[in-house]
Amino acid sequence: MRKKLVAGNWKMYGSLNENKQLLDGIITGLNGLCNTHTAVCVPYPYLSSVQNALQDTQIAWGAQNVSQYEKGAYTGEVSVSMLNDFKCDYVIVGHSERRAIFGEDNNIVAEKYVKIQEAGMIPILCVGETLEQRESGITEQIIKEQLAAVIKRAGIISLSKAIIAYEPVWAIGTGKTASPEQAQDVHAFIRKGIADQDMGVAKELTILYGGSVKPNNASELFKMPDIDGGLIGGASLVASDFVAICRAMNI
Ligand code: 13P
């Protein structure tokens, strides 16, 4: 059985106070929920306090980015060994906001992916097309290129220790979710492309959907055969919403 995961991406939101309330609400709300893996990917400065709050729970934690460099004169960067100090399980890599706003191309994403795995953490590799690309009919080509860069650098087997998140850029933070069928089509395309290279890896690969997942649309999305969970932005900042989404996956 493929691992199911619902992961929150807090992006650049939160404070010590807000995080405490949020995590208290999530821990209480998730009590007893065991089939679904749950994680929160938080801003770097909060890793220590989040680790303290979650270490005796079933909720995992991780980061939203990492440097492709090991160490050195890279002002403002954070390395994989630093994330290991805080026992992160997951690191998001290649989020469309990193690609679009911070200029991360497929090669940088592939380097980061490799570093994350070498350090023993699980990359949540984000792929997805913009609205313009979808409307030009090149969604599959874009996704294929994004994946190919990583597979070329790290090998197909590396995906047995990774998670993919399909996040159509036009659905992120817009309230405009991909329909379950639209999402399923791309998830199936991703799985098929990987199956062509390694059937075993494809079967076991967890593929998350991200982009305006809310309590009212989560279960329809999660029912689709190739959707194994969600990467949740806005709704992961509201304890009751995040808990409801995790419960939708657990059915
Ligand atoms: P929203 O759920 O706010 O659309 O964000 C999705 C996302 O970018 C998760 O990484």
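What's counted below: heavy atoms across the whole structure, side chains too, no hydrogens, waters or symmetry copies. Read the numbers this way: they start at 1 and go in the same order the structure lists the ligands and their atoms.
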Should the heavy atoms of other residues, nucleotides or ligands under 6.0 Å from NZ of Lys203 be counted, would the total exceed 12?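 Counting other residues, nucleotides and ligands, NZ of Lys203 stays at 12 neighbours or fewer.
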Determine whether more than 12 heavy atoms belonging to other residues, nucleotides or ligands lie under 6.0 Å from atom CD of Gln55. yes
Does an N or O anywhere in [X] fall below 3.5 Å from an N or O of ligand 1?
X      : answer
Thr174 : no
Lys11  : yes
Gly234 : yes
Gly210 : no
Gly173 : yes

Measure up the Tyr69 and Tyr74 rings against each other and bin them: parallel (under 30°), tilted (30 to 60°), perpendicular (over 60°). parallel
Which atoms of ligand 1 are found less than 4.0 Å from any heavy atom of [X]?
X      : answer
His95  : 7 (C), 8 (O), 9 (C), 10 (O)
Ser212 : 1 (P), 2 (O), 4 (O)
Leu231 : 9 (C), 10 (O)
Gly211 : 4 (O), 6 (C)

With a 4.0 Å cut-off on heavy atoms, is Lys214 touching ligand 1? no
Heavy-atom contact under 4.0 Å between Gly175 and ligand 1?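 Judged by the 4.0 Å heavy-atom criterion, Gly175 does not count as contacting ligand 1.
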Return the residue, atom name and 0.1 Å-rounded distance of the protein heavy atom closest to atom 2 (O) of ligand 1.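 I find the closest protein heavy atom is Gly233 N, 2.9 Å.
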Closest approach of any protein heavy atom to atom 7 (C) of ligand 1, naming residue and atom: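 Answer, as residue, atom name and distance: Glu167 OE2, 3.2 Å.
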For Trp10 and Gln64: C-alpha separation, side-chain torsions, deciding distance, then whether side chain to side chain donor-acceptor pair (under 3.5 Å) applies. CA-CA 8 Å; Trp10 289 3; Gln64 302 166 15; over 6 Å; no
Run through Glu167, Met12, Lys11 and flag the one making a side-chain contact (heavy atoms from CB on, under 4.5 Å) with Glu97. Lys11
The test is side chain to side chain contact (heavy atoms under 4.5 Å, CB included); show your working for Leu147 and Ile164 and say whether it passes. CA-CA 9 Å; Leu147 286 174; Ile164 290 180; 3.6 Å; yes
Which is it for Ala171 and ligand 1 at heavy atoms under 4.0 Å: side chain, backbone, both or neither?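 Under 4.0 Å from ligand 1, Ala171 contributes backbone atoms alone.
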Under a 3.5 Å distance rule, please check whether Asn19 uses its side chain to pair with a backbone N or O of Gly14 as donor and acceptor.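 Pair absent, no side-chain N/O of Asn19 close to backbone of Gly14.
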Examine the side chains of Asn107 and Arg153 and answer whether a donor and an acceptor come within less than 3.5 Å of each other.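 No, no side-chain donor-acceptor contact under 3.5 Å.
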What I want to check is whether the side chains of Gln146 and Asn106 have a donor and an acceptor closer together than 3.5 Å. no
